[in-house]
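One structure is given below, encoded as structure tokens.
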Amino acid sequence: MTEISELTALELRDALRHGEVGAREAAAHFLERIEALNPTLGSFVTVTAEQAMDAAAHADEALAAGHAPGMLHGMPLAYKDLLDVAGVPTGYGTAAFEPAPAQKDSPLVATLSRAGAISLGKTQVPEFGLSCHSENDVAPPARNPLDPTRSAGGSSGGEAAAVAAGMLPFGPGNDGGGSVRIPASACGLIGLKPGLGTIPSDILDGTVDTFGAPRLTVSGPLARTALDAALLMDAMVDPQRDTYLESLGEGAVDALRGLRVGVSTASPFSSAYAIKLSSDAHGALDAGIKSLRARGHHLEEAEIFYDGAYPETFATVWTSGLAAAPIPPGSEAKLGTLARSFRERATAREHRTSVEAAARLTEIAADFRTQWGRYDVVLTPAMAFAPPEIGFYTSQDADTDYMRQCQYTPYTSMVNVSGLPAITVPTFTTAEGLSMGVQMIGRAGSEAMLLALAAQLTRM
């Protein structure tokens, strides 16, 4: 018999709904996987085995009593340690304050719980989710299952490592500068960043931040297949409708042809940092181009020119919120090097500077949408080089750390600024067995099309 962790998430969901696999059986299986693999990979910072088994027993009893199963009935998953799960401490990856048990679920957690999902715990993140890795001063780093000496990416790195290693069938992440797409690419998964507002719980506080800048962070799925990503996306958006799964129905993926795809290696960070693509990044991009051509799409070199003010403007907006972070008096010294430096700069910054940066970034976002809108899809490398070794960033001073992050991820944050959807898909395996891929940026509302393109690339 196929092991539960070898099933796709969709296969497991169907087995659970039909009673072929029990919720307790599934939860116990994945908890055993976590116990065996987590000491090496550092994916989980908290495992809530007792609560998970209690919830699984309740799910089994409800199904046996004839209650209609939810979209994610009995599905095990976990949440980044940036989201609140009622009764479970939220640590935010920082030593600056003691984690306290959450009083209630975050909106996304509540949505997925109502859909029937069962949480197995909390996964590793960088401090406050600021970085493209998942290393901090309070727990072991999240390591890449393809090579545990290397980074799993971030900030959803613990989540991605858990999915890639079969400790979870799929995982919800959130993405403020690439935090779904980066770890998905590092670990060989599909990572979808939806457009702002596609997932209703993402905009309960509005679509701009306190300074008026575009809200950057959205929730999105990390998964091993496009169908699995579509399933989780459906549950995140509306657990009553199979919108994205239906869009990948029989014949729909193969019928998608003739898109105008603009290929670009330009980065808005190039005005501040040297952006150099490795041969593996070129190999991944070439493989994506070849596959999309074989599917009948029209590819051309995109003429895209980025505003040289982007690096400084983005950095200002990215760090401004840290000025209001609830750090207890006297605890700043417990912050990591990057977070401490960012907070010092944010607190010293005049309010007017942050407001001006927000307005400027709004203008830059409009320019992104205009230029990319000349194409149905913009294709870029996912990352500039293979996942680096643990400590590549955190061993440096704050400015070098941040520079290296921008050089590794030169194509992700710009999509958050634009508010548009994008997806990363693995297309290439390096000589060392690491995964590399491409990013596809779509127009507003094109999440279903991006999932179909991901299916095309991964079926070649």
Side-chain angles (χ1 to χ4, degrees), residues 126-127 129-135 150-151 153-155 157 175-179 181-183 185-186 193 213 216 263-282 284-285 302-320 322 336-342 344-346 349 353 357 360-361 363-365 367-368 371-372 378-418 422 424 436-439 441:
E127 193 165 25
L130 287 171
S131 302
C132 71
H133 56 78
S134 294
E135 304 167 39
R150 294 180 181 255
S151 173
S155 63
D175 188 317
S179 291
R181 290 160 290 152
I182 296 163
S185 180
K193 179 206 116 31
L216 301 177
V263 182
S264 175
T265 57
S267 167
F269 281 114
S270 62
S271 61
Y273 305 119
I275 305 300
K276 299 178 181 178
L277 296 183
S278 69
S279 59
D280 290 329
H282 282 292
L285 182 61
E303 291 190 355
I304 297 173
F305 304 95
Y306 292 117
D307 192 319
Y310 178 82
E312 182 178 356
T313 306
F314 175 78
T316 299
V317 170
W318 183 245
T319 58
S320 288
L322 281 172
T337 301
L338 185 73
R340 185 169 62 252
S341 176
F342 278 1
E344 289 170 353
R345 298 175 202 192
R349 190 177 295 138
T353 302
R360 187 75 183 90
L361 199 66
E363 295 172 353
I364 291 172
D367 180 57
F368 287 167
Q371 293 197 66
W372 297 341
V378 173
L379 180 73
T380 75
M383 301 298 127
F385 47 89
E389 292 186 350
I390 298 292
F392 176 75
Y393 309 104
T394 56
S395 62
Q396 305 296 314
D397 63 82
D399 287 334
T400 304
D401 178 343
Y402 182 70
M403 176 188 71
R404 287 184 170 190
Q405 292 189 53
C406 296
Q407 290 173 323
Y408 175 54
T409 66
Y411 308 108
T412 55
S413 66
M414 62 185 189
V415 189
N416 298 82
V417 169
S418 76
T424 52
M436 298 287 287
V438 296
Q439 173 179 250
I441 306 167

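Given the structure is predicted, the values throughout are model-derived calculations rather than measurements. Here, residue 1 is the first one in the sequence, and each next residue gets the next number.
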Practice item. Determine the minimum heavy-atom distance between A357 and T313, stating which atoms define it. Key: O-CG2, 3.3 Å
Exercise for review: Decide yes or no for P410 and S270: does some side-chain heavy atom of the first lie under 4.5 Å from some side-chain heavy atom of the second?
Suggested key: no
Check your understanding: Do L379 and Q439 touch side chain to side chain, with heavy atoms closer than 4.5 Å?
Key -> no
Review point. Is D401 close to F392 at the side-chain level, that is, under 4.5 Å between some pair of heavy atoms?
Key: no
Exercise for review: Mind running side-chain contact (heavy atoms from CB on, under 4.5 Å) on V317 and V417 for me, showing each step along the way?
Suggested key: CA-CA 10 Å; V317 170; V417 169; over 6 Å; no
Point to revise | ring-ring contact (aromatic ring centres under 6.0 Å, His included) against Y402, all qualifying residues, sequence neighbours excluded | key: F342
Review point. Any chance the side chains of R345 and S341 put a donor and an acceptor closer than 3.5 Å?
Key: yes
Review point. side-chain hydrogen bond (donor to acceptor under 3.5 Å, both in side chains) with R181: which of D175, T424, T409?
Key: D175
Review point. Can you name the residues that form a ring-ring contact (aromatic ring centres under 6.0 Å, His included) with Y408, not counting sequence neighbours?
Key: F385
Check your understanding: About how many Å separate OG1 of T400 and CD of Q407, when rounded to the nearest 0.5 Å?
Key -> 9.5 Å
Review point. Do Q405 and L338 come within less than 4.5 Å of each other through their side chains, counting heavy atoms only?
Key: yes
**Study point:** Min side-chain heavy-atom separation V378-I304 under 4.5 Å
**Key:** yes
Exercise for review: Compare every heavy atom of S264 with every heavy atom of A266, then report the nearest pair and how far apart it is.
Suggested key: N-OG, 3.2 Å
**Study point:** From CA spacing to verdict: side-chain contact (heavy atoms from CB on, under 4.5 Å), S413, F269
**Key:** CA-CA 10 Å; S413 66; F269 281 114; 3.4 Å; yes
Review point. Between I182 and G177, what is the shortest heavy-atom contact and its length?
Key: CD1-O, 4.2 Å
Check your understanding: Going by heavy atoms in the side chains, are V415 and K193 under 4.5 Å from each other?
Key -> yes
Review point. Can any side-chain N or O of R150 pair as donor or acceptor with the backbone N or O of P387 at less than 3.5 Å?
Key: yes
**Study point:** Over all atoms of both residues, closest heavy-atom pair of A284 and V438
**Key:** O-CG1, 3.4 Å
**Study point:** Nearest-0.5 Å distance, CE of residue M436 to OG of residue S278
**Key:** 4.5 Å
Exercise for review: Report, as yes or no, whether the 6.0 Å neighbourhood of atom CD on E312 holds more than 12 heavy atoms from other residues, nucleotides or ligands.
Suggested key: no
Check your understanding: Nearest 0.5 Å, what's the OG-CZ distance between S131 and R404?
Key -> 13.5 Å
Review point. Atom OG of S151 and atom CD of E389: how far apart are they, to the nearest 0.5 Å?
Key: 11.0 Å
Exercise for review: Output yes when a side-chain donor or acceptor of S395 lies under 3.5 Å from a complementary backbone atom of G391, and no otherwise.
Suggested key: yes
Check your understanding: Going by the angle between their ring planes, with limits at 30° and 60°, are F368 and W372 parallel, tilted or perpendicular?
Key -> parallel
Check your understanding: Will you find, in the side chains of S267 and Y273, an N or O donor that is under 3.5 Å from an N or O acceptor?
Key -> no
Point to revise | Test item: I364 and F314 side chains (from C-beta on) under 4.5 Å apart, heavy atoms | key: no
Check your understanding: Run the side-chain contact (heavy atoms from CB on, under 4.5 Å) check on L361 and Y310 step by step: do they pass?
Key -> CA-CA 7 Å; L361 199 66; Y310 178 82; 4.1 Å; yes
Check your understanding: If every non-hydrogen atom of G336 is compared with every non-hydrogen atom of E127, which pair is closest and at what distance?
Key -> N-OE1, 2.8 Å
Review point. Taking the side chain as C-beta and beyond, is there a heavy-atom pair between I441 and Y411 under 4.5 Å?
Key: no
**Study point:** Closest approach of G154 to S134 (non-hydrogen atoms, all atoms of both residues)
**Key:** CA-OG, 3.6 Å
Exercise for review: Would you give the length of the straight line joining atom CG of D367 to atom CE of M414, rounded to the nearest 0.5 angstrom?
Suggested key: 12.0 Å
Exercise for review: Quick one: do I390 and H133 satisfy side-chain contact (heavy atoms from CB on, under 4.5 Å)? Show the steps, please.
Suggested key: CA-CA 9 Å; I390 298 292; H133 56 78; over 6 Å; no
Practice item. Taking atom types as modelled, find out whether R360 and T316 have a side-chain donor-acceptor pair closer than 3.5 angstrom. Key: no
